[in-house]
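Predicted model only: the values in this text are computed from it and were never measured. Reminder, nothing fancy here: chain letters follow the sequence lines and each chain counts from 1.
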Amino acid sequence: TGGATPAPSVAASAAATAPSSAPSAAPSVAPSIDPNSLLGKIVAAGKIRISTDPNYKPFSFQNPDGTYDGFDNATAVEAVKRLGTAVGKPIQIEWMTPSWDLITAGGWSGRWDISIGSMSVTIGRAKVVDFVDPYYYDSGAVAVPKDSTVQSLSELNGGKTFCVGAATTYEQWLTGTLEIVDPDKLPAPTDPQVTSLPTDNECVQAVQSGRKFDAIVANANGLADQVKDGLPIRVLSGPPIFTVSVAFALDKSGPDDKSLIEVLNGIVNDMHSDGTLTTLSNKYLQKDVTMKPGG
Amino acid sequence: MNGQGIVHEIHPVELPGPLVPAGAEPIVRATKIEKYFGRNHVLRGCSMTVYPRETITILGRSGSGKSTFLRCLNFLEEPSAGRVEIDDTAVEARPLGDRPRAERERIRKLRTDAGMVFQEFNLFPHLSVIGNLVEAPVHVKHVARPAATELAESYLEKVGLIDKRNEYPSRLSGGQRQRVAIARALTMEPKVLLFDEPTSALDPSLVGEVLKVMESLAHEGRTMIVVTHEMQFAREAADRIYYMHEGQFVEIGPHTQVIDDPQDPRTREFLARFLGPSRSRQAAATPQDEAVAPPPAVGPGPV
Amino acid sequence: MNGQGIVHEIHPVELPGPLVPAGAEPIVRATKIEKYFGRNHVLRGCSMTVYPRETITILGRSGSGKSTFLRCLNFLEEPSAGRVEIDDTAVEARPLGDRPRAERERIRKLRTDAGMVFQEFNLFPHLSVIGNLVEAPVHVKHVARPAATELAESYLEKVGLIDKRNEYPSRLSGGQRQRVAIARALTMEPKVLLFDEPTSALDPSLVGEVLKVMESLAHEGRTMIVVTHEMQFAREAADRIYYMHEGQFVEIGPHTQVIDDPQDPRTREFLARFLGPSRSRQAAATPQDEAVAPPPAVGPGPV
Amino acid sequence: MTSLAGPVNQVLGEQILAGERSRSRRWRVQFMLAWLVIVAALVAFVLITINLDTQFIAKWLPFILTGVPVTIFVSFASITLAVILAVLGALGRLSVNPYVNGLASFYVSFFRGTPLLLQIVFIYFALPQMGLVLPEIPTGIIALGFNYGAYMTEVFRSGIQAVPHGQTEAALSLGMSGGTTFRRIIVPQAFRIVTPAIGNDFIAMLKDSSLVSVISVHELLYQAQVAGRPNHKSMQTLLIAAMVYWILTIAFSFFQARLERRQAVGDRSRRPGSG
Amino acid sequence: MTSLAGPVNQVLGEQILAGERSRSRRWRVQFMLAWLVIVAALVAFVLITINLDTQFIAKWLPFILTGVPVTIFVSFASITLAVILAVLGALGRLSVNPYVNGLASFYVSFFRGTPLLLQIVFIYFALPQMGLVLPEIPTGIIALGFNYGAYMTEVFRSGIQAVPHGQTEAALSLGMSGGTTFRRIIVPQAFRIVTPAIGNDFIAMLKDSSLVSVISVHELLYQAQVAGRPNHKSMQTLLIAAMVYWILTIAFSFFQARLERRQAVGDRSRRPGSG
Ligand SMILES: Nc1ncnc2c1ncn2[C@@H]1O[C@H](COP(=O)(O)OP(=O)(O)OP(=O)(O)O)[C@@H](O)[C@H]1O
Ligand SMILES: Nc1ncnc2c1ncn2[C@@H]1O[C@H](COP(=O)(O)OP(=O)(O)OP(=O)(O)O)[C@@H](O)[C@H]1O
Ligand SMILES: [Mg+2]
Ligand SMILES: [Mg+2]
């Protein structure tokens, strides 16, 4: 994977003001934007409403001063800046924070324009939202309580108890409803007893408070972050349970989003190729997650 | 219903009282009032003729229909049949409602002409005494508030409560409340006053003050219809008494007839029962007591 | 407080009534009862001596402290000072509470000996008539339920309500309720019955039935203390009358004295006021009426 | 003398009764019509905007309905716990003992003063720290029970206080002890007074029990979400859940109204105004 | 004759008063002591089990508290909307018009029959489909207002019905029209009757307003979660939120109690039992 890119530390806010030294291969948008398309509406308003879930450190969180921060948010800020350049008009960001269930369910009724919030690309979701090209690749991992004797995934077969965040791909993986385009996913433990709490943070907290779960399934980076913070869990070693593309998502039932997707595809690809995403990944995750594993 | 055919006939025994000028026209004509509560036939063709300046008392057992009759007079209860005419405003029963607007207005006129005083006072607790009195003149008759206040004060004076003008009803005694209720009815300057057992809810020691006000009203020649159990009031203040039995007036006449010498067996039985076994002895007991106690009894009266 | 020093002195005017056998010991001794409500000094050293088989009536203006005195007798109201002794059970005032268990038991004994009948009946609405009567014998005296029921039925019979034994209080008239309340008190076979205006909450036409029961109790020689406004009852049934004025008994004696020939100016004023301007004329009015009506009036009584 | 009373009209009463009956029948029909129209409009709106997938619904409905018994069980168990706590709480709030009273008043203040959602989460995390690792359903029941218990404490207290003081006086004057008076005279009457409130609280509980879905209790709302999410038909499944809640509420309200009417029969006085 | 009355003991009353005062003072002190002990025990429990990070709290407290004005604003606005809807609803429920009555009864049944959380989500997504794209806060206010309005409709209705019928009769018999009677006689009395209920509903609303966090309204609970979760200190931030809710509730309860006492002064009758 591409750890070779130089990693200049760029804060999310700084990223917004950083000169886009990268070659802008984004298609210069035609002056004829359909005013009824999503892009047209955004340009007309000069504002884009981005949904994010600031309960998802290090991808998305808030600072004590209320500013939004994290890998997702920094990416969004940079992408919107480039969008502004492409349409020749600066675009403001309005952050929206509906609960995660509401974002993943689709049918946003125009409440917000786009989700830039670590949404994994699944076949099910693709039925209700349109995805932009992936901006990073996520992998799931299994953690066990620190004092657990479990060492490998196979030991969790047969009616063990699991805790996951509600409405996540990890819950879907456990319940056997996860359908992703990427083929390499490990088989889930058999007959899992699943407890789904609002986020995986609650799972860790539950373990901390003395509730007994055999394992927690969550985002590998998030779990790593929690281990770093000294929480009483241990991540099982071994290959990720699955890896999945993560992308910006737009509501399928909303206004025509083809032109916007086209522009955003260009922008995301540029941000890949000019190293911006890698830089941000290194900053927030201390590793590069923007390259397709094995790709 | 078939109201067109209703003609008010004055029954021979309905002779006007002594205060009524000869040849005066009746001010209240209630004609063949019927009232059903479901299948319960509570009023059975009650008619009443009242002349100006008369005080009428309705007597009768509990449940005989006295209150219902009084409430039919100002359509607080919708009669099942019959007609009420008060001072040229006539309204006929429409037991199934749906009155045209003009008729609803006539009912309001009729109610304005017939001031009612309830057993339970029914003062407006959120208004001061003076507020209770001026509310209706201001909002019904559209009298200017200062004029209404002046009028109200004159009636408060009459019932002896001018010093309570700014009190709230909750801070008055029962007797005072009832006097305010009377003043409230008077402030609308009604043609006839209706009283439904105005002293029954009062402590025995507070009854007197209200009866005094009512007697003074009777003596100054106001037209009043009074349902009461106060035999003494009926005897002293009523020009005529209507005795009701199971929804019918079975005896009508002055107290010298209805109370002191009832003709109808039901009236006679009522007076016996009503006064109760101990009270009925009252009249007879006094002489006996006098016989026992050596000095001639001065009676319970003041000196 | 300083209860040790309380000695019950029988005031010279507290002569036992005519039914009391000579030399009988008093059954109720209330000694120097004081009662404060905050700074309001409601009872000011009230003493009362009651002999077995006596009927005592307490008269007095509204607010003079009659109910408070009665309620102090069975400690529904804690006296501020004084002592109550009923049939050898003596309890002294402890205005600040904290009685030892034994004394609380004595109060219960005292209450069991003094049956109380309230103005508002206070029947237990969730129990049938018979349930109301047997509840206390079963749970206080631990009488077996069948025995209690038998006793209860005998008293229901006495008040003429045996046919209502399984009714619920809500389905009785006021007069019936009060008679049940009397039967309930009787079923505990108390030494003395306390009545606090037992007829004030009743419709005038229902007063008679309750007074009748009370009179029969008086005549069969039960000890009773009755607060009432029914002058007629006081006159006919009371052996002695205590007249209370501003928390003190200011006149004590038989009705021939207290009602018919009051000595104390306050008693005299009360009787005048209480009977009210119209009622005070009653005694005087009857002869006048007789003069007007040619045939000698048979009065309101039945034939 | 001529009769004072005219002939009695016997037919009139029946005529009026018939007229009143037909009027009230017409009224009820129109009332129901109004409901029908509104429900139809709502259904139309939903069909237009949500694009119901009937096949999907038919497939998942049984799964969603498995949440109903859980919802009802949790509600029943919670209301039972709440009643017990409320009786204790009300006794405490009426106690003359300052410490008992203080404890009860603290309980009421605390559980009424903070959001139920927080209480559920707290209790979920706090119980294990006190060494009590209960499964999710009992945990949810405890949280709901404590919360509603606090509200109902006040209901019970006011129910006890609503029993007229004359009842206590009558019982005491018959020689009953304070305890006997309370148990035999006050409590039975207070219970009658508070039954409607308990019914209402149960109906409210039916819906608030949906909050325990956050701690993974598989009740109605949870099941609806689980069915909807992976298939991205959340709006449809939630709508179904809403309908089920509504039907449950209507059913229980109906049941409650009948119960109250039945209770009231004994209470109604034969003659209004007689005491 | 000898005086029937003995000497009047003037000191006794003052002695008793002083005794009663000192007793009630002692009681209050003990009561507060009980609270203090319980609060101390709670704090100790929290400190032991949660391991409060004071530095973290100090850093995030301002962030969390930014939710307080939102919570208060949303609650106030919602209760205002609810009162308006409840007045209309109560009028509808009392209307003799079967259609109006049907509409009002549907409104009450529907909004009381389904969970508030679902209503918030539905209204959030349904309004834009009806062409009404309101921001989140107004949307939340509408959802809360409609829900509480349904509950309060019944409160208002029973408040209006609690005004004794004699009041209506007195007004009508003075010649007032139905409208004047309602406006000038019934409504002022009904409002007094329902004020305590409105106060209680406002306090309940303070806490239920936390549910609008799901539609991106940054009120107190939301802020607490956002501060806590990513830093793995949810318990601490939620605890802070709970404290703030509790303090708000106590403050408003206090305010409400004072208001009610003030209102009650005029109502209290001088002599109990006289009518
Ligand atoms: N609103 C009502 N609905 C049904 N029945 C009623 C109603 N009002 C009165 N009645 C019945 O009508 C009859 C007459 O009642 P009404 O109140 O007129 O008697 P009353 O003569 O005034 O008695 P009282 O002296 O007790 O006041 C009674 O049988 C009563 O039960
Ligand atoms: N619980 C109480 N708290 C304070 N004051 C009271 C209380 N009960 C009675 N009082 C006052 O004590 C005085 C005497 O009241 P009480 O009820 O004994 O009078 P009463 O003679 O029975 O009058 P009535 O004939 O009206 O029943 C009154 O001034 C009354 O206001
Ligand atoms: Mg009547
Ligand atoms: Mg009294």
Side-chain angles (χ1 to χ4, degrees), chain D residues 26-39 42 45 48-50 96-103 105-107 109-110 112-119 121-122 125-126 129-130 151 203-204 206-211 221 234-235 238-239 241-243 245-250 253, chain E residues 26-39 42 45 48-50 96-103 105-107 109-110 112-119 121-122 125-126 129-130 203-204 206-211 221 224 234-235 238-239 241-243 245-250 253:
Chain D
R26 188 152 20 104
W27 200 92
R28 273 200 304 275
V29 168
Q30 289 171 330
F31 178 88
M32 288 200 296
L33 200 72
W35 262 71
L36 225 74
V37 169
I38 298 164
V39 172
L42 199 77
F45 175 78
I48 291 166
T49 55
I50 294 193
V96 292
N97 181 315
Y99 303 111
V100 173
N101 202 314
L103 177 66
S105 102
F106 177 85
Y107 164 63
S109 172
F110 186 77
R112 296 208 308 173
T114 53
L116 173 54
L117 195 61
L118 280 186
Q119 289 165 20
V121 172
F122 272 132
F125 291 131
Q129 306 223 344
M130 299 162 72
Y151 282 94
I203 289 167
L206 271 179
K207 281 150 284 144
D208 270 351
S209 69
S210 66
L211 292 181
L221 184 66
S234 288
M235 277 304 269
L238 291 183
L239 201 70
M243 290 301 119
Y245 279 113
W246 194 15
I247 291 166
L248 285 179
T249 306
I250 290 174
S253 302
Chain E
R26 188 151 21 103
W27 200 92
R28 273 199 305 276
V29 168
Q30 288 170 331
F31 179 88
M32 290 203 291
L33 200 71
W35 263 71
L36 223 76
V37 169
I38 298 163
V39 171
L42 199 78
F45 175 78
I48 290 166
T49 57
I50 296 193
V96 293
N97 181 316
Y99 303 112
V100 173
N101 201 315
L103 178 65
S105 102
F106 176 87
Y107 163 63
S109 172
F110 186 77
R112 297 209 306 176
T114 53
L116 174 56
L117 193 62
L118 288 184
Q119 289 166 19
V121 172
F122 280 128
F125 290 123
Q129 306 226 348
M130 300 164 73
I203 289 168
L206 270 180
K207 281 151 282 144
D208 271 350
S209 68
S210 65
L211 292 181
L221 184 65
S234 291
M235 279 300 273
L238 292 183
L239 201 71
M243 290 301 119
Y245 279 113
W246 194 16
I247 291 167
L248 286 179
T249 306
I250 290 175
S253 302

Interface moiety of L103(D) toward chain E, non-hydrogen atoms closer than 4.5 Å = both
Closest contact, heavy atoms only, G113(D) versus T249(E) | O-OG1, 3.2 Å
side-chain hydrogen bond (donor to acceptor under 3.5 Å, both in side chains) against S105(D), all qualifying residues, sequence neighbours excluded = W35(E)
Can you say whether L116(D) sits under 4.5 Å from chain E via the side chain, the backbone, both, or neither, judging by heavy atoms?
-> neither
When the 4.5 angstrom heavy-atom criterion is applied to M235(D) and chain E, the contacting part is both
Least distance between heavy atoms, P115(E) atom then K207(D) atom | N-CG, 3.7 Å
Leading residue by heavy atom contact count with chain E [cutoff under 4.5 Å; candidates S109(D), S234(D), A34(D)] = S109(D)
Given A242(E), A204(E), S209(E), A224(E), the one with more heavy-atom pairs under 4.5 angstrom with chain D than any other is A242(E)
Heavy atoms only, distances under 4.5 angstrom: which of N97(E), I38(E), I250(E) has the most pairs with chain D? Name it, please.
-> I38(E)
Could you check which of Q30(D), R28(D), M243(D) has the highest count of heavy-atom pairs closer than 4.5 Å to chain E?
-> Q30(D)
L117(D) versus chain E, the contacting section by heavy-atom distance below 4.5 Å = side chain
Which portion of V100(D) sits near chain E, non-hydrogen atoms under 4.5 angstrom | neither
Got a sec, which residues hit side-chain contact (heavy atoms from CB on, under 4.5 Å) with Q129(D), two or more places apart in sequence or on another chain?
-> S209(A), T49(E)
Okay, L211(D) and chain E: the region with an atom under 4.5 Å from a heavy atom over there is side chain
Highest number of heavy-atom pairs under 4.5 Å with chain E: which of I247(D), I203(D), L239(D), V39(D)?
-> L239(D)
Can you say whether D208(D) sits under 4.5 Å from chain E via the side chain, the backbone, both, or neither, judging by heavy atoms?
-> neither
Contact origin within L206(E) toward chain D - heavy atom pairs under 4.5 Å | neither
Who wins among F45(E), Y245(E), F125(E) for the most heavy-atom pairs under 4.5 Å with chain D?
-> Y245(E)
For atom CE of M130(D), is the number of surrounding heavy atoms from other residues, nucleotides or ligands below 6.0 Å larger than 12?
-> no
Top residue by heavy-atom pair count (under 4.5 Å) with chain D, among L33(E), L248(E), V96(E)?
-> V96(E)
Residue among L42(E), L118(E), I48(E), V37(E) with most heavy-atom pairs under 4.5 Å to chain D = L118(E)
